[in-house]
Amino acid sequence: MFKTTLLAGLAACAFALPAFADIEIVDPFARSSGMMAKAGAAFFIIENTGDEADRLIDAKSDISKVTELHTHKDMGDGIMKMVHVPEGFEIPAHGTHALARGGDHVMFMGLLQPMNQGDTVTVTLTFEKAGDITVEIPVDLERGEAAMPMNGKMGN
């Protein structure tokens, strides 16, 4: 009797827990434009294998004075401007969202040290549901353009 009651209680608890997003960071890299650069950026793919959408809402790093989520916005007449995205980026359930050159990215402004080839940058990404995920991102100054859409979004 006790065993049956215990199993029923555990099953009820399991069903009562929400299905959170399951986030994985894939193929991360960071770069700056050179030794004297005052800014740099990080790029990667966010995979959500969970049953709920999630949202990347913040990024923090000790490599710069300011770390923000940014995107490129068309200002008209072919002029692109980088802008802060305070609402973050949604990652659909069972989908991906790419942070790529020319699109959405993590921006490091006021670099406190040079970003040298082979270094790593520690970044803590904050998600609405998944919470904080700390990622060691390799600096790759030689990497070419990523083959990802300009808007940073990929199909589900």
Side-chain angles (χ1 to χ4, degrees), residues 14-15 17-34 37-156:
F15 290 117
L17 296 174
F20 287 113
D22 188 8
I23 299 295
E24 184 176 344
I25 306 304
V26 178
D27 195 25
F29 74 100
R31 62 181 296 124
S32 66
S33 58
K38 300 292 185 207
F43 312 98
F44 44 86
I45 299 169
I46 305 168
E47 289 185 353
N48 180 356
T49 59
D51 293 331
E52 286 188 42
D54 203 344
R55 181 174 291 277
L56 175 62
I57 56 173
D58 197 15
K60 293 181 177 52
S61 180
D62 292 338
I63 196 167
S64 59
K65 293 177 186 175
V66 176
T67 302
E68 293 180 338
L69 302 175
H70 274 214
T71 195
H72 286 84
K73 184 174 181 178
D74 187 349
M75 305 308 286
D77 297 329
I79 298 171
M80 297 295 284
K81 180 179 179 184
M82 272 191 285
V83 294
H84 178 219
V85 184
E87 70 275 13
F89 310 121
E90 182 171 323
I91 303 90
H94 302 286
T96 61
H97 186 88
L99 277 65
R101 294 178 68 188
D104 300 340
H105 56 280
V106 174
M107 188 75 194
F108 308 118
M109 296 176 290
L111 288 175
L112 300 173
Q113 63 192 52
M115 295 176 72
N116 298 313
Q117 179 72 20
D119 288 352
T120 58
V121 177
T122 303
V123 179
T124 300
L125 304 171
T126 302
F127 294 86
E128 281 182 346
K129 296 179 180 143
D132 288 348
I133 298 175
T134 300
V135 183
E136 295 293 325
I137 300 177
V139 174
D140 188 347
L141 304 176
E142 299 169 358
R143 187 161 177 166
E145 294 294 323
M148 295 181 202
M150 287 296 288
N151 67 1
K153 296 178 184 168
M154 299 176 72
N156 295 359

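Start at 1 with the first residue, then count along the sequence. Note that the structure is predicted; figures quoted are calculated from it, not measured. All values below were derived from every heavy atom in this structure, side-chain atoms included, with hydrogens, water molecules and symmetry-related copies excluded.
Using a distance-only test at 3.5 Å, with no hydrogens or angles considered, no donor-acceptor pair links the side chain of Arg143 to the main chain of Phe29. Judged purely by atom type and a 3.5 angstrom limit, Asp54 uses its side chain to pair as donor or acceptor with the backbone of Ala130.
Rounded to the nearest 0.5 Å, atoms CG (Asp74) and CE (Met80) are 5.5 Å apart. Taken from CG in Asp119 to CD1 in Ile137, the straight-line distance is 13.0 Å, to the nearest 0.5 Å. In this structure, OG1 on Thr49 lies 7.5 Å from CD on Glu24, to the nearest 0.5 angstrom. For the atom pair CD (Glu52) and CD (Glu128), the distance works out to 10.5 Å, reported to the nearest 0.5 Å. Here Leu125 contributes atom CG and Ile57 contributes atom CD1; the two are 11.0 Å apart, rounded to the nearest 0.5 Å. Distance check: Thr71 OG1 to Asp104 CG gives 3.5 Å after rounding to the nearest 0.5 Å.
Here the closest non-hydrogen pair linking Ala39 and Ser32 is O-CB, 3.4 Å. Between Val121 and Ser61, the closest heavy-atom pair is CG1-OG, 3.6 Å. The two residues His84 and Leu69 have their closest heavy-atom pair at CD2-O, 3.2 Å. A pairwise comparison of heavy atoms in Met115 and Ala30 identifies CE-CB, 3.5 Å as the closest pair. Across all non-hydrogen atoms, the minimal contact from His72 to Gly103 is ND1-O, 3.3 Å. Of all heavy-atom pairs between Glu68 and Met109, the closest is OE1-CE, 3.2 Å.
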Leu111 and Lys38: CA distance, side-chain angles, deciding distance, side chain to side chain contact (heavy atoms under 4.5 Å, CB included) verdict: CA-CA 5 Å; Leu111 288 175; Lys38 300 292 185 207; 5.9 Å; no

Derivation and outcome, side chain to side chain contact (heavy atoms under 4.5 Å, CB included), residues Asp140 and Gln117: CA-CA 5 Å; Asp140 188 347; Gln117 179 72 20; 3.6 Å; yes

Trace of the side chain to side chain contact (heavy atoms under 4.5 Å, CB included) decision for Ile46 with Ile25: CA-CA 5 Å; Ile46 305 168; Ile25 306 304; 4.0 Å; yes

Side chain to side chain contact (heavy atoms under 4.5 Å, CB included) assessment of Ile63 paired with Gln113: CA-CA 7 Å; Ile63 196 167; Gln113 63 192 52; 3.9 Å; yes

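Side-chain atoms of His94 and Asn48 form no donor-acceptor pair, as typed in the model, at a separation below 3.5 Å.
Between Asn116 and Val139 the shortest side-chain heavy-atom distance does not fall below 4.5 Å. For the pair Thr67 and Phe108, the minimum side-chain heavy-atom distance is below 4.5 Å. Considering only heavy atoms from C-beta on, Met75 stays 4.5 Å or farther from Asp77 through its side chain.
Residues satisfying the salt bridge (charged side-chain N to carboxylate O under 4.0 Å, His left out) criterion with Lys73, sequence neighbours excluded, are absent altogether. Under the rule for a side chain to side chain contact (heavy atoms under 4.5 Å, CB included), Asp62 has no partner lying at least two apart in sequence or in another chain.
Using cut-offs of 30° and 60° for the angle between ring planes, the Phe89 and His97 rings count as parallel.
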